[in-house]
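Okay, structure first, notes after.
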Amino acid sequence: RTRNEGRVRALKALRVERAQRRELSGNVKMTLANAQASGKKVIEAKEVTLGFGDRVLVRDFSAKIMRGDRIGLIGPNGSGKTTLLESVLFITGAIRRKGSVREGNTVGDGSPESRERQMSVEVSAASTEYLGDRWTFLDCPGSIEMIQESWNALKVVDAAVVVCEPVVERALMVAPLFKFLEDQAIPHLVFINKVDTASSRIGDVLKALRSVSGPPLVLRQVPIRKGEAITGYVDLASGRAYAYRPGQASELVSVPEDV
(Lines give C-alpha, C1' and ligand atoms only; values in the text may rest on other atoms or scores of the structure.)
Protein backbone atom coordinates (compact mmCIF):
# COMPACT_ATOMS: atom_id res chain seq x y z
CA ARG A 1 0.00 0.00 0.00
CA THR A 2 2.82 2.40 0.95
CA ARG A 3 4.59 1.74 -2.36
CA ASN A 4 1.37 2.42 -4.31
CA GLU A 5 0.75 5.68 -2.43
CA GLY A 6 4.30 6.77 -3.29
CA ARG A 7 3.66 6.09 -6.97
CA VAL A 8 0.45 8.11 -6.89
CA ARG A 9 2.27 11.09 -5.34
CA ALA A 10 5.03 10.84 -7.96
CA LEU A 11 2.52 10.68 -10.80
CA LYS A 12 0.63 13.70 -9.41
CA ALA A 13 3.88 15.69 -9.35
CA LEU A 14 4.61 14.70 -12.94
CA ARG A 15 1.11 15.79 -13.98
CA VAL A 16 1.68 19.24 -12.47
CA GLU A 17 5.03 19.54 -14.27
CA ARG A 18 3.51 18.44 -17.59
CA ALA A 19 0.59 20.87 -17.22
CA GLN A 20 3.04 23.72 -16.64
CA ARG A 21 5.03 22.74 -19.75
CA ARG A 22 1.85 22.64 -21.84
CA GLU A 23 0.83 26.09 -20.61
CA LEU A 24 4.20 27.51 -21.66
CA SER A 25 3.83 26.05 -25.15
CA GLY A 26 0.61 27.97 -25.63
CA ASN A 27 2.50 31.05 -26.82
CA VAL A 28 3.62 29.86 -30.23
CA LYS A 29 6.05 32.69 -30.97
CA MET A 30 7.79 32.40 -27.63
CA THR A 31 8.05 28.62 -27.89
CA LEU A 32 9.58 28.81 -31.35
CA ALA A 33 12.14 31.38 -30.28
CA ASN A 34 13.23 29.28 -27.30
CA ALA A 35 13.30 26.11 -29.38
CA GLN A 36 15.55 27.62 -32.01
CA ALA A 37 17.99 28.74 -29.35
CA SER A 38 18.02 25.50 -27.34
CA GLY A 39 17.39 22.87 -29.99
CA LYS A 40 14.65 21.50 -27.74
CA LYS A 41 12.00 20.78 -30.34
CA VAL A 42 12.09 17.49 -32.28
CA ILE A 43 8.84 17.47 -34.24
CA GLU A 44 6.15 20.05 -34.81
CA ALA A 45 3.41 19.33 -37.31
CA LYS A 46 0.69 21.90 -37.91
CA GLU A 47 -2.33 21.23 -40.11
CA VAL A 48 -0.47 18.62 -42.17
CA THR A 49 -2.29 16.88 -45.01
CA LEU A 50 -0.84 13.79 -46.68
CA GLY A 51 -2.15 11.85 -49.64
CA PHE A 52 -1.26 9.66 -52.57
CA GLY A 53 -2.75 10.71 -55.88
CA ASP A 54 -6.33 11.83 -55.29
CA ARG A 55 -6.65 9.90 -52.03
CA VAL A 56 -6.19 11.92 -48.80
CA LEU A 57 -4.77 9.80 -45.96
CA VAL A 58 -4.22 12.48 -43.30
CA ARG A 59 -5.92 15.86 -43.12
CA ASP A 60 -5.11 18.82 -40.83
CA PHE A 61 -2.91 16.79 -38.45
CA SER A 62 -1.10 18.77 -35.72
CA ALA A 63 1.31 17.55 -33.02
CA LYS A 64 4.42 18.65 -31.13
CA ILE A 65 7.09 16.46 -29.48
CA MET A 66 10.02 17.92 -27.54
CA ARG A 67 13.46 16.49 -26.81
CA GLY A 68 13.76 14.89 -23.41
CA ASP A 69 10.06 14.15 -23.23
CA ARG A 70 8.43 11.15 -21.58
CA ILE A 71 7.30 8.37 -23.88
CA GLY A 72 4.72 5.82 -22.77
CA LEU A 73 4.89 2.22 -24.00
CA ILE A 74 1.36 0.85 -24.01
CA GLY A 75 -0.18 -2.29 -25.44
CA PRO A 76 -1.98 -5.55 -24.65
CA ASN A 77 -0.37 -8.02 -22.27
CA GLY A 78 2.29 -10.08 -24.05
CA SER A 79 2.77 -7.68 -26.97
CA GLY A 80 6.45 -7.21 -26.10
CA LYS A 81 6.61 -3.76 -24.50
CA THR A 82 9.21 -4.69 -21.89
CA THR A 83 11.36 -6.46 -24.49
CA LEU A 84 11.08 -3.43 -26.78
CA LEU A 85 12.23 -1.15 -23.95
CA GLU A 86 15.15 -3.50 -23.26
CA SER A 87 16.15 -3.31 -26.93
CA VAL A 88 15.98 0.49 -26.94
CA LEU A 89 18.15 0.70 -23.82
CA PHE A 90 20.67 -1.76 -25.26
CA ILE A 91 20.94 -0.15 -28.70
CA THR A 92 21.36 3.33 -27.22
CA GLY A 93 24.06 2.13 -24.83
CA ALA A 94 22.15 2.57 -21.58
CA ILE A 95 22.79 -1.09 -20.71
CA ARG A 96 25.62 -3.39 -21.76
CA ARG A 97 23.68 -6.65 -21.84
CA LYS A 98 20.19 -7.19 -23.18
CA GLY A 99 18.06 -9.09 -20.71
CA SER A 100 14.92 -11.13 -21.30
CA VAL A 101 11.56 -11.42 -19.58
CA ARG A 102 11.91 -15.21 -19.47
CA GLU A 103 15.23 -15.00 -17.63
CA GLY A 104 13.88 -12.30 -15.30
CA ASN A 105 16.77 -9.86 -15.82
CA THR A 106 15.20 -6.97 -17.74
CA VAL A 107 15.34 -3.35 -16.59
CA GLY A 108 11.56 -3.21 -16.73
CA ASP A 109 9.45 -5.60 -14.68
CA GLY A 110 12.05 -5.42 -11.94
CA SER A 111 9.78 -6.26 -9.00
CA PRO A 112 9.72 -9.84 -7.65
CA GLU A 113 6.00 -10.14 -8.49
CA SER A 114 6.56 -9.07 -12.11
CA ARG A 115 9.42 -11.52 -12.54
CA GLU A 116 7.50 -14.34 -10.93
CA ARG A 117 4.50 -13.77 -13.22
CA GLN A 118 6.66 -12.82 -16.23
CA MET A 119 4.36 -9.85 -16.86
CA SER A 120 4.17 -6.18 -15.90
CA VAL A 121 2.21 -5.48 -12.72
CA GLU A 122 3.38 -1.88 -12.30
CA VAL A 123 4.74 1.03 -14.33
CA SER A 124 8.49 0.80 -14.99
CA ALA A 125 10.55 3.88 -15.87
CA ALA A 126 13.93 4.00 -17.62
CA SER A 127 15.93 6.79 -19.25
CA THR A 128 18.48 6.80 -22.03
CA GLU A 129 20.25 9.20 -24.38
CA TYR A 130 20.29 9.14 -28.15
CA LEU A 131 22.18 11.62 -30.35
CA GLY A 132 22.67 13.85 -27.33
CA ASP A 133 19.00 13.93 -26.32
CA ARG A 134 17.64 12.36 -23.14
CA TRP A 135 14.41 10.34 -23.20
CA THR A 136 12.41 8.72 -20.42
CA PHE A 137 10.23 5.70 -21.17
CA LEU A 138 7.31 4.51 -19.05
CA ASP A 139 6.59 0.82 -19.62
CA CYS A 140 2.88 0.44 -18.78
CA PRO A 141 1.18 -2.81 -17.72
CA GLY A 142 -0.93 -4.44 -20.42
CA SER A 143 -3.11 -6.62 -18.21
CA ILE A 144 -6.70 -5.42 -17.85
CA GLU A 145 -6.40 -5.78 -14.07
CA MET A 146 -3.63 -3.13 -14.06
CA ILE A 147 -5.16 -0.79 -16.63
CA GLN A 148 -5.73 2.05 -14.14
CA GLU A 149 -1.99 2.25 -13.46
CA SER A 150 -1.45 2.57 -17.21
CA TRP A 151 -4.07 5.32 -17.51
CA ASN A 152 -2.43 7.23 -14.64
CA ALA A 153 1.01 6.98 -16.25
CA LEU A 154 -0.24 8.02 -19.69
CA LYS A 155 -1.59 11.26 -18.26
CA VAL A 156 1.97 12.45 -17.67
CA VAL A 157 3.59 11.37 -20.95
CA ASP A 158 4.16 13.62 -23.95
CA ALA A 159 3.72 10.88 -26.55
CA ALA A 160 2.93 7.18 -26.61
CA VAL A 161 3.95 4.10 -28.58
CA VAL A 162 1.17 1.53 -28.97
CA VAL A 163 2.83 -1.88 -29.17
CA CYS A 164 0.79 -4.67 -30.76
CA GLU A 165 1.28 -8.07 -32.33
CA PRO A 166 0.85 -8.73 -36.08
CA VAL A 167 -2.36 -10.70 -35.56
CA VAL A 168 -5.55 -9.47 -37.24
CA GLU A 169 -7.81 -11.10 -34.65
CA ARG A 170 -6.17 -9.14 -31.80
CA ALA A 171 -6.70 -5.68 -33.28
CA LEU A 172 -9.77 -5.15 -31.09
CA MET A 173 -7.54 -5.40 -28.02
CA VAL A 174 -5.96 -2.01 -28.78
CA ALA A 175 -9.30 -0.24 -29.33
CA PRO A 176 -9.59 0.95 -25.67
CA LEU A 177 -6.00 2.20 -25.81
CA PHE A 178 -6.64 4.19 -28.98
CA LYS A 179 -9.78 5.71 -27.47
CA PHE A 180 -7.99 6.79 -24.28
CA LEU A 181 -5.09 8.35 -26.20
CA GLU A 182 -7.49 10.15 -28.53
CA ASP A 183 -9.68 11.40 -25.66
CA GLN A 184 -6.59 12.70 -23.83
CA ALA A 185 -5.12 14.21 -27.04
CA ILE A 186 -1.87 12.30 -26.56
CA PRO A 187 0.22 12.00 -29.78
CA HIS A 188 0.92 8.36 -30.53
CA LEU A 189 2.29 5.95 -33.10
CA VAL A 190 1.85 2.20 -33.54
CA PHE A 191 4.73 -0.28 -33.35
CA ILE A 192 3.80 -3.67 -34.84
CA ASN A 193 6.03 -6.05 -32.93
CA LYS A 194 7.12 -9.64 -33.64
CA VAL A 195 6.87 -9.24 -37.43
CA ASP A 196 9.34 -12.11 -37.83
CA THR A 197 6.66 -14.47 -36.49
CA ALA A 198 3.73 -12.90 -38.36
CA SER A 199 1.24 -15.21 -40.01
CA SER A 200 -0.78 -12.27 -41.38
CA ARG A 201 0.22 -9.71 -43.99
CA ILE A 202 1.16 -6.33 -42.54
CA GLY A 203 -1.42 -4.73 -44.84
CA ASP A 204 -4.16 -6.87 -43.31
CA VAL A 205 -3.00 -6.02 -39.78
CA LEU A 206 -3.00 -2.32 -40.64
CA LYS A 207 -6.52 -2.59 -42.05
CA ALA A 208 -7.72 -4.21 -38.82
CA LEU A 209 -6.03 -1.52 -36.71
CA ARG A 210 -7.56 1.22 -38.85
CA SER A 211 -11.02 -0.16 -38.09
CA VAL A 212 -10.57 0.61 -34.36
CA SER A 213 -8.62 3.87 -34.66
CA GLY A 214 -10.21 7.29 -34.85
CA PRO A 215 -7.41 9.15 -36.67
CA PRO A 216 -6.19 7.47 -39.89
CA LEU A 217 -3.17 5.19 -39.62
CA VAL A 218 -0.46 5.39 -42.29
CA LEU A 219 2.38 2.91 -42.74
CA ARG A 220 5.84 4.41 -42.23
CA GLN A 221 7.96 1.29 -42.57
CA VAL A 222 7.44 -2.21 -43.98
CA PRO A 223 9.75 -5.19 -43.42
CA ILE A 224 11.85 -6.82 -46.11
CA ARG A 225 11.62 -10.61 -45.95
CA LYS A 226 14.00 -13.23 -47.22
CA GLY A 227 12.37 -16.58 -46.66
CA GLU A 228 11.30 -16.66 -43.02
CA ALA A 229 13.79 -13.98 -41.92
CA ILE A 230 13.41 -10.19 -41.74
CA THR A 231 16.49 -8.78 -43.46
CA GLY A 232 15.67 -5.05 -43.55
CA TYR A 233 12.94 -2.51 -44.08
CA VAL A 234 11.60 0.07 -46.51
CA ASP A 235 11.02 3.61 -45.28
CA LEU A 236 7.89 4.65 -47.16
CA ALA A 237 8.32 8.33 -46.30
CA SER A 238 11.73 8.59 -47.99
CA GLY A 239 11.24 5.75 -50.48
CA ARG A 240 14.50 4.15 -49.38
CA ALA A 241 15.31 0.59 -48.34
CA TYR A 242 17.83 -0.57 -45.75
CA ALA A 243 19.38 -3.98 -45.04
CA TYR A 244 20.27 -4.98 -41.49
CA ARG A 245 23.92 -5.66 -40.66
CA PRO A 246 24.66 -7.25 -37.25
CA GLY A 247 26.57 -4.84 -35.05
CA GLN A 248 26.68 -2.17 -37.74
CA ALA A 249 24.54 0.57 -39.23
CA SER A 250 21.93 -0.57 -41.74
CA GLU A 251 23.02 -0.50 -45.40
CA LEU A 252 21.16 1.49 -48.05
CA VAL A 253 19.91 -0.92 -50.74
CA SER A 254 17.52 -0.89 -53.69
CA VAL A 255 13.81 -1.15 -52.91
CA PRO A 256 12.67 -4.73 -53.60
CA GLU A 257 10.15 -5.06 -56.41
CA ASP A 258 7.79 -7.18 -54.33
CA VAL A 259 7.38 -4.57 -51.55
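The basis for the numbers below is simple: all heavy atoms, side chains too, and nothing from hydrogens, waters or symmetry mates. When a residue number appears, it is its place in the shown sequence, counting from 1.
Nearest heavy atom pair, residue P141 against residue V121, reads CG-C, 4.1 Å. For S150 against C140, the heavy-atom pair with the smallest separation is OG-CB, 3.5 Å. Looking at every heavy atom in both residues, P166 comes nearest to I192 through CB-CG2, 3.8 Å. Residues Y242 and I224 approach most closely at O-CD1, 4.0 Å, considering heavy atoms.
Side chain of R70 to backbone of V156: a donor-acceptor contact under 3.5 angstrom is found. Between the side chain of R134 and the main chain of E129, no donor-acceptor pair closer than 3.5 Å is present. In this structure, D196 contributes its side chain and E228 its backbone to no donor-acceptor pair below 3.5 Å.
From Q184, atom CD reaches atom CG of L154 across 8.5 Å, with rounding to the nearest 0.5 Å. The CZ atom of R240 lies 10.5 Å from the OH atom of Y233; values are rounded to the nearest 0.5 Å. With values rounded to the nearest 0.5 angstrom, T128 atom OG1 is found 7.5 Å from F137 atom CZ. The CD1 atom of I186 sits 9.0 Å away from atom CG of D158, with the distance rounded to the nearest 0.5 Å. The line from CG of N193 to SG of C164 is 8.5 Å long, rounded to the nearest 0.5 Å. The structure places CG of L138 at 11.5 Å from CD of E149, a figure rounded to the nearest 0.5 Å.
Put simply, the side chain of I71 does not reach to within 4.5 Å of the side chain of V157, judged on heavy atoms. Residues V190 and F178 meet the side-chain proximity criterion, which asks for heavy atoms closer than 4.5 Å. Using a 4.5 Å heavy-atom threshold, the side chains of H188 and F180 count as separate. When side chains are defined from C-beta on, I230 counts as touching V195, because their heavy atoms get closer than 4.5 Å.
Residues V162 and L206 share a hydrophobic cluster, clusters being chains of Ile/Leu/Val/Met/Phe/Trp/Tyr side chains in contact below 4.5 Å. Following chains of ILVMFWY side-chain contacts shorter than 4.5 Å, one cannot reach V167 starting from L219, and the two form parts of different hydrophobic clusters. Residues L209 and V222 fall within the same hydrophobic cluster, defined by Ile, Leu, Val, Met, Phe, Trp and Tyr side chains chained together at heavy-atom separations under 4.5 Å.
Every residue meeting the side chain to side chain donor-acceptor pair (under 3.5 Å) condition with S127, not counting sequence neighbours, appears here in chain and number order: T136. Evaluation of the side chain to side chain contact (heavy atoms under 4.5 Å, CB included) rule for Q148 yields W151, N152 as partners, not counting sequence neighbours. A search for side chain to side chain contact (heavy atoms under 4.5 Å, CB included) contacts involving R96 returns nothing, not counting sequence neighbours. When the side chain to side chain contact (heavy atoms under 4.5 Å, CB included) test is applied to L189, the partners found at least two apart in sequence or on another chain are V161. Scored by the side chain to side chain donor-acceptor pair (under 3.5 Å) test, T231 finds no partners at all (sequence neighbours excluded). For R97, the salt bridge (Lys or Arg N to Asp or Glu O under 4.0 Å) test picks out E103, with sequence neighbours left out. Among residues two or more places apart in sequence or in another chain, the salt bridge (Lys or Arg N to Asp or Glu O under 4.0 Å) test is passed with R201 by D204. Not counting sequence neighbours, the partners of R220 by the salt bridge (Lys or Arg N to Asp or Glu O under 4.0 Å) test are D235.
Residues in residues 163-177 take part in these side chain to side chain donor-acceptor pair (under 3.5 Å) pairs, two or more places apart or across chains: E165-R170, E165-K194. Listed by first then second residue, pairs satisfying salt bridge (Lys or Arg N to Asp or Glu O under 4.0 Å) with a partner in residues 177-193 read K179-D183, not counting sequence neighbours.
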Donor-acceptor contacts under 3.5 Å from residues 248-259 side chains, at least two apart:
none

Cut-off 3.5 Å, no hydrogens considered: what does the side-chain donor-acceptor table look like for residues 76-90, sequence neighbours left out?
from: S79; atom 1: OG; to: P76; atom 2: O; distance (Å): 2.8
from: S79; atom 1: OG; to: V163; atom 2: O; distance (Å): 3.3
from: K81; atom 1: NZ; to: G75; atom 2: O; distance (Å): 3.1
from: K81; atom 1: NZ; to: P76; atom 2: O; distance (Å): 3.2
from: T82; atom 1: OG1; to: D109; atom 2: OD2; distance (Å): 3.3
from: T82; atom 1: OG1; to: S120; atom 2: OG; distance (Å): 3.4
from: T82; atom 1: OG1; to: D139; atom 2: OD2; distance (Å): 2.6
from: E86; atom 1: OE1; to: V107; atom 2: N; distance (Å): 2.9
from: E86; atom 1: OE2; to: G99; atom 2: N; distance (Å): 2.9
from: S87; atom 1: OG; to: T83; atom 2: O; distance (Å): 3.1
from: S87; atom 1: OG; to: K98; atom 2: NZ; distance (Å): 2.8

